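Here the structure comes first, spelled out in structure tokens, and everything after it is commentary.
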Amino acid sequence: MAEKKRILSGIQPSGAMTLGNYVGALRNWVELQKTDEYECFYMLADMHTITVRQEAKVLRKNALDLLALFIAAGIDPEKSPVFFQSHVPQHAQLSWVLNCNTYMGELSRMTQFKDKCSKHADNINAGLFTYPVLMAADILLYQADLVPVGQDQKQHLELTRDIAKRFNNAYSETFKIPEPYIPKVGARIMSLQEPTQKMSKSDVNENGYILMLDPVDTIVKKIKRAVTDSGAEVCRGEGKEGIENLMSIYSAVTGSSMDEIEREFDGKGYGDFKAAVAEAVVAAIEPIQKKYAELTANRDYLESVYRRGAELAERVAYKTVAKVYRKVGFIQP
Ligand code: ATP
Ligand code: LTN
């Protein structure tokens with residue numbers, strides 16, 4: 001039998017997970033895992049998280065919470081290794097070699113770097129700058145074919161491909177060139193308060209985002225308060241970013257297409273539409289919350305998941321680093 005294609009993806013435990021993270025990334029991980037066409041590695045990118053100052057206690061809690069959410073959302077850790085980036089030392093090792101094959105100019109063009117610099121002007125550290133190189137290491141270590149991410153990570157994926165090709169050209173074929181997998185619906189969920197900005201867990205206005213662990217009544221309230229235009233029609237168009245964002249959320253959680261949604265709500269007002277969006281979002285999130293509550297009560301189980309995950313991940317990562325070290329000319333230890 002031909003070898004299965006590989007998938008690698010990660011989410012940072014940088015705070016509570018948003019509906020954007022779920023729809024743009026995690027949900028697709030679950031779907032891709034179900035197809036049985038891929039061997040999937042799912043990572044909690046805790047090393048990326050410290051590019052922004054974290055309180056240790058909070059990071060530990062966020063990390064375990066996110067692990068529980070992965071499983072609650074349907075990731076099967078028996079099928080796919082789930083692990084912490086910091087538990088697999090090869091990520092840092094490969095990252096150094098790749099740093100020496102990446103140009104300052106390339107990194108200065110990354111829009112996420114520019115965004116984070118303006119948001120964290122008091123802590124523009126070197127890690128923030130080389131963040132995409134660590135991400136390239138994450139992906140290339142596993143020789144991933146496919147990387148399911150939201151739209152905002154596309155530029156990092158392109159850089160990963162460039163670094164891999166450059167290394168392959170300089171040292172002979174070493175890395176698989178990965179493809180991004182960006183969903184057609186929900187790849188960029190926008191803020192409920194500023195629909196021209198990405199929904200982000202680091203938004204200062206908490207009404208801008210829906211958290212996967214927000215209580216049901218909070219979710220309903222946030223959707224009711226979502227910014228819309230002064231019109232009354234549920235449709236796409238100029239100046240209708242708020243409604244269009246709610247439509248794409250509704251589409252993502254119900255599976256209806258944008259055209260179908262326009263037809264479904266033809267002649268109905270924003271009030272009815274928002275109520276339907278809230279109901280559909282709650283229906284998607286509530287079962288995950290229930291499962292999450294059971295999982296967080298079982299610390300031993302979570303520990304067994306991440307231990308096994310790191311062990312399996314390291315078996316693959318180790319081989320890539322050995323190959324890379326040999327190719328660049330390091331003496332074998
Ligand atoms: P921060 O807001 O702290 O910068 P983030 O949520 O952008 O963090 P991650 O937690 O690492 O960053 O993102 C994990 C995944 O979620 C990535 O694949 C990213 O593309 C996706 N994602 C993040 N925000 C959205 C969004 N608003 N819509 C769709 N996908 C998103
Ligand atoms: N930078 C990503 C998270 C991330 C990632 C990865 C995604 C870290 N390493 C490897 C895919 C593959 C983000 O979404 N902010």
Side-chain angles (χ1 to χ4, degrees), residues 6-29 32 40-54 59 62-63 65-66 69-70 73 83-86 88 91-92 94-95 98 110-120 127-128 130-142 144-161 178-192 194-204 208-212 245 248-249 252-253 313 317:
R6 283 246 175 86
I7 283 181
L8 175 289
S9 196
I11 298 182
Q12 303 180 70
S14 52
M17 188 159 103
T18 66
L19 181 69
N21 299 138
Y22 175 64
V23 168
L26 184 55
R27 199 175 61 143
N28 305 303
W29 301 6
L32 288 162
C40 310
F41 290 81
Y42 293 133
M43 180 188 78
L44 293 105
D46 52 358
M47 289 165 67
H48 276 107
T49 306
I50 62 163
T51 53
V52 171
R53 183 87 65 224
Q54 303 289 320
L59 176 56
N62 285 340
D65 278 358
L66 184 61
L69 261 179
F70 277 16
F83 62 98
F84 288 109
Q85 188 180 30
S86 63
V88 182
H91 291 257
L94 181 60
S95 179
L98 298 184
M110 296 294 115
T111 52
Q112 184 179 297
F113 173 67
K114 291 186 230 169
D115 281 359
K116 296 250 157 150
C117 280
S118 58
K119 278 193 196 143
H120 306 280
L128 208 53
T130 60
Y131 177 116
V133 183
L134 177 59
M135 180 162 161
D138 298 337
I139 297 165
L140 301 178
L141 266 181
Y142 298 91
D145 296 277
L146 205 63
V147 184
V149 282
Q151 182 67 38
D152 62 318
Q153 295 301 311
K154 190 165 180 255
Q155 196 185 29
H156 289 164
L157 246 298
E158 278 159 11
L159 178 65
T160 301
R161 289 166 59 88
E179 297 283 342
Y181 176 93
I182 296 170
K184 285 196 190 70
V185 180
R188 192 170 165 82
I189 299 292
M190 310 309 274
S191 156
L192 299 179
E194 278 176 82
T196 51
Q197 304 282 316
K198 183 187 94 154
M199 180 184 284
S200 165
K201 55 196 163 207
S202 43
D203 195 335
V204 282
Y209 52 73
I210 293 172
L211 298 179
M212 292 302 285
N245 187 37
S248 55
I249 292 175
V253 294

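What you see is a predicted model; the values in this text were computed from it and never measured. Whatever order the structure lists them in is the order used to number ligands and atoms, beginning at 1.
- For the ligand labelled ligand 1, residue Val23 lies outside the 4.0 Å heavy-atom shell.
- For Ala45, the heavy-atom gap to ligand 1 stays at 4.0 angstrom or more.
- The closest donor-acceptor contact from the side chain of Arg188 to the backbone of Gly150 lies at 3.5 Å or more, if one exists at all.
- For the pair Pro180/Gln153, no side-chain contact is recorded, criterion being any heavy-atom separation below 4.5 Å from C-beta on.
- Proximity of a side-chain donor or acceptor of Asp203 to a complementary backbone N or O of Ser200 within less than 3.5 Å is not detected.
- For the pair Thr51/Leu134, no side-chain contact is recorded, criterion being any heavy-atom separation below 4.5 Å from C-beta on.
- Nearest protein heavy-atom neighbour of atom 27 (N) of ligand 1: Ile189 O, 2.8 Å.
- The option with the heavy atom closest to atom 17 (C) of ligand 1, from among Ala187, Ala16, Gly150, Pro148, is Gly150.
- For a threshold of 3.5 Å applied to N or O pairs, the pair formed by Thr18 and ligand 1 contains no separation below that value.
- The shortest contact between atom 5 (P) of ligand 1 and any protein heavy atom is with Lys198 NZ, 3.9 Å.
- Ring pair His91/Tyr142: centre-to-centre distance below 6.0 Å.
- Residue contacts with ligand 1 for Arg188 involve N, CA, C or O but no side-chain atom from C-beta outward (heavy atoms, distance under 4.0 Å).
- Per-residue contacts place Val149 under 4.0 angstrom from the following atoms of ligand 1 (heavy atoms of the residue considered): 18 (O).
- For ligand 2, the protein residues within 4.0 angstrom (heavy atoms only) are Leu8, Ser9, Gly10, Gln12, Met43, Ala45, His48, Tyr131, Met135, Asp138, Ile139, Val147, Val149, Gln153.
- Listed for the Gln85 side chain is a donor-acceptor partner under 3.5 Å among the backbone atoms of Met47.
- Each of the atoms 20 (O) of ligand 1 lies under 4.0 Å from some heavy atom of Gln153.
- Side-chain contact check for Gln112 and Asp152: no donor-acceptor pair (N or O, by modelled atom type) lies under 3.5 Å.
- When hydrogens are left out, the protein atom nearest atom 19 (C) of ligand 1 is Asp152 OD1, 3.3 Å; that is the closest non-hydrogen contact.
- The protein heavy-atom contact nearest to atom 31 (C) of ligand 1 is Gly20 O, 3.4 Å.
- More than 12 heavy atoms of other residues, nucleotides or ligands sit less than 6.0 Å from atom CG of Leu128.
- Taken from CE in Met43 to CG in Asp138, the straight-line distance is 3.5 Å, to the nearest 0.5 Å.
- Other residues, nucleotides and ligands contribute over 12 non-hydrogen atoms within 6.0 Å of the NZ atom of Lys201.
- Gln54 and Thr49 form no side-chain donor-acceptor contact under 3.5 Å, judged by distance and modelled atom types alone.
- Using a 4.0 Å cut-off to heavy atoms of Ala25, the atoms of ligand 1 that qualify are 15 (C), 16 (O), 18 (O).
- Heavy atoms of Lys116 found under 4.0 angstrom from ligand 1 belong exclusively to the side chain.
- For a threshold of 3.5 Å applied to N or O pairs, the pair formed by Met190 and ligand 1 contains no separation below that value.
- Looking at atom 12 (O) of ligand 1, its nearest protein heavy atom turns out to be Gln12 NE2, 3.7 Å.
- In this comparison of Leu19, Asn28, Asn21, Ile182, the heavy atom closest to atom 23 (C) of ligand 1 sits on Asn21.
- The closest protein non-hydrogen atom to atom 2 (O) of ligand 1 is Ser200 OG, 2.7 Å.
- Checked against Phe70 for a ring pair (Phe, Tyr, Trp, His ring centres under 6.0 Å), the options Phe84, Trp29, Tyr42 give a single hit: Trp29.
- Close approach to Ser14 involves these atoms of ligand 1, each under 4.0 Å from a residue heavy atom: 3 (O).
- Taking CE from Met212 and CE from Met17, the interatomic distance works out to 4.5 Å, rounded to the nearest 0.5 Å.
- Of all the atoms in ligand 1, the ones that sit under 4.0 Å from a non-hydrogen atom of Gly186 are 29 (C).
- Summarising the contacts of atom 10 (O) of ligand 1 with Lys201, Met135, Met199, the nearest heavy atom is found in Lys201.
- Asp145 places no side-chain N or O within 3.5 Å of a backbone atom of Ile7 that could act as its donor or acceptor partner.
- Of the possible donor and acceptor atoms, one in the side chain of Ser9 sits under 3.5 Å from a partner among the backbone N and O of Pro148.
- With values rounded to the nearest 0.5 angstrom, Phe83 atom CZ is found 8.5 Å from Leu44 atom CG.
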